[in-house]
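Working notes, beginning with the structure itself.
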Protein chains: 2
Amino acid sequence: MSLRYALLVTLLDGDASGYELAKRFDIRVAAYWHAQPPQMYAELGKLEDDGLVHAETVVQDRRPNKRMFSITEAGQAALHEWLVSPPRPLATKDDLLVRVAAVDEMDPLVAIDHLRRRRDHALSKLSTYREIEQLVLRGRTEVDYLHTARHIGSYLTLVKGIGYELERADWCNWAIHAIRQRHGWTADPTTEPQMTAAATDVVT
Amino acid sequence: MSLRYALLVTLLDGDASGYELAKRFDIRVAAYWHAQPPQMYAELGKLEDDGLVHAETVVQDRRPNKRMFSITEAGQAALHEWLVSPPRPLATKDDLLVRVAAVDEMDPLVAIDHLRRRRDHALSKLSTYREIEQLVLRGRTEVDYLHTARHIGSYLTLVKGIGYELERADWCNWAIHAIRQRHGWTADPTTEPQMTAAATDVVT
DNA sequence: CACCCCATGTAAAGCGTTACATGATTGC
DNA sequence: GCAATCATGTAACGCTTTACATGGGGTG
């Protein structure tokens, strides 16, 4: 039920086609929501049926035609109503953590390999988010930005993404280190816990 | 598809009924997986059909009868095979963050209220996890524990839960503060960002 | 020539939640 | 008396993923 509102919120950043919305989801929205294209197209169809978005077909020359979606007044009203409703408690599902819970049944090297990959993935997302942050701030300090920017919503979620991936990367490094210790292995500089930047960074 | 493995892993901690498994999920497993009882009972039925768990009906006197499940050898084999398979990239879905992304459309007081509740929820989970941590460590240092404990899997995931909730609480406080700044509001000691403990705490 | 980008969808299958049903026992 | 705990499930519904279908244009 929340996908529809995630789509409406994403449309606040500007009209878009289904394809463009899918791309926004991959980048800015990824930190808090995700959906496959077929689900988005289906939901956009329902939103149109319900009058919450308006669709305009744009005929293109060297590209397939597309349908540009925009949020309607009814859509804004529905969104406002939903915004004040209580968010449901978040329930995480992490495939890797299930495996880590059974680490005592595994070859430690396999466990470490899983953790390294996850850490590297987190670090790459982290650097993407940090690049976006620089683009958004354009040299302003945070305090300055919070006062002068037109919108702050996407910045708040961006910072959440940074904190989230940072915590993830740090935990992976810690877990790798813990597994090594358990097995009495000497430290390996390539996987040694390296504090990327403490969480204080997130709060500052 | 991962619920079955989450159940198998949870059974490694000892045989249990569906009801007991549901309780374990609420406490120790909550940091990385969740499922409603009907889904668990259904999945346990399938696991039994596939021979991965064995069910023994226990007739009780003053309580309804129950079915105690235990992991079979085939179950262990299936689990081991799955443990080495690559974990799928984690995809978060956070209802609250969708709302925060639209914070510019909201009454700031409503946004702050949402964030406070989420923070308090995170803090309460945090203190539960910390209590469990104390029980598990029983006065030992972490290094000592990692060498002497029978299993470390559930400890590793517990620490993840602590880091996760800590990061969440900190971000909520930061976001509340950011919204106040945006509106030029003076600090209110009841919601002022309070560093519960930096992420270095998680790594130490 | 192969591959990725653009662009939208259908159909089927799988995963997950909610409502409902049942009923004794224990603690406040 | 009321609520919570113990204990297991069915049925209906909704959400989400995956496989498939289509086809031109740009890049190495």
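Fair warning: this is a prediction, and the values are worked out from it, not measured in the lab. Every chain is numbered from 1, with letters handed out A, B, ... down the list of sequences.
Mapping B/Lys23 and A/Pro64 onto DNA chain D by nearest heavy atom places B/Lys23 closer to the 5' end of the strand. Taking for each of A/Pro38 and A/Gln60 the nucleotide of DNA chain C with the nearest heavy atom, the 5'-most of the two is the partner of A/Gln60. Mapping A/Lys93 and B/Arg62 onto DNA chain C by nearest heavy atom places A/Lys93 closer to the 5' end of the strand.
Remark: B/Gln39 is in phosphate contact with C/dT17, judged by side-chain N or O atoms under 4.0 Å from OP1 or OP2. Contact check, B/Tyr41 against D/dG9: no side-chain N or O comes under 4.0 Å of OP1 or OP2. B/Arg67 has a side-chain polar atom (N or O) that falls below the 4.0 Å cut-off from OP1 or OP2 of D/dG9. The shortest distance between the side-chain N/O atoms of B/His34 and the OP1/OP2 oxygens of C/dT17 is below 4.0 Å.
One can place CD of A/Glu20 at 13 Å from C1' of C/dT8, the figure rounded to the nearest angstrom. Taking atom NZ of B/Lys66 as the reference point, atom P of D/dG9 lies 14 Å away to the nearest angstrom.
In this structure a side-chain-to-backbone donor-acceptor pair under 3.5 Å is present from B/Thr128 to B/Ser124. In this structure, B/Ser154 contributes its side chain and A/Ala101 its backbone to no donor-acceptor pair below 3.5 Å.
Ion pairing between A/Asp113 and A/Arg117 holds under the 4.0 Å rule for side-chain N and carboxylate O.
Using modelled atom types, one finds no donor on one side chain facing an acceptor on the other under 3.5 Å when comparing A/Glu167 with B/Trp171.
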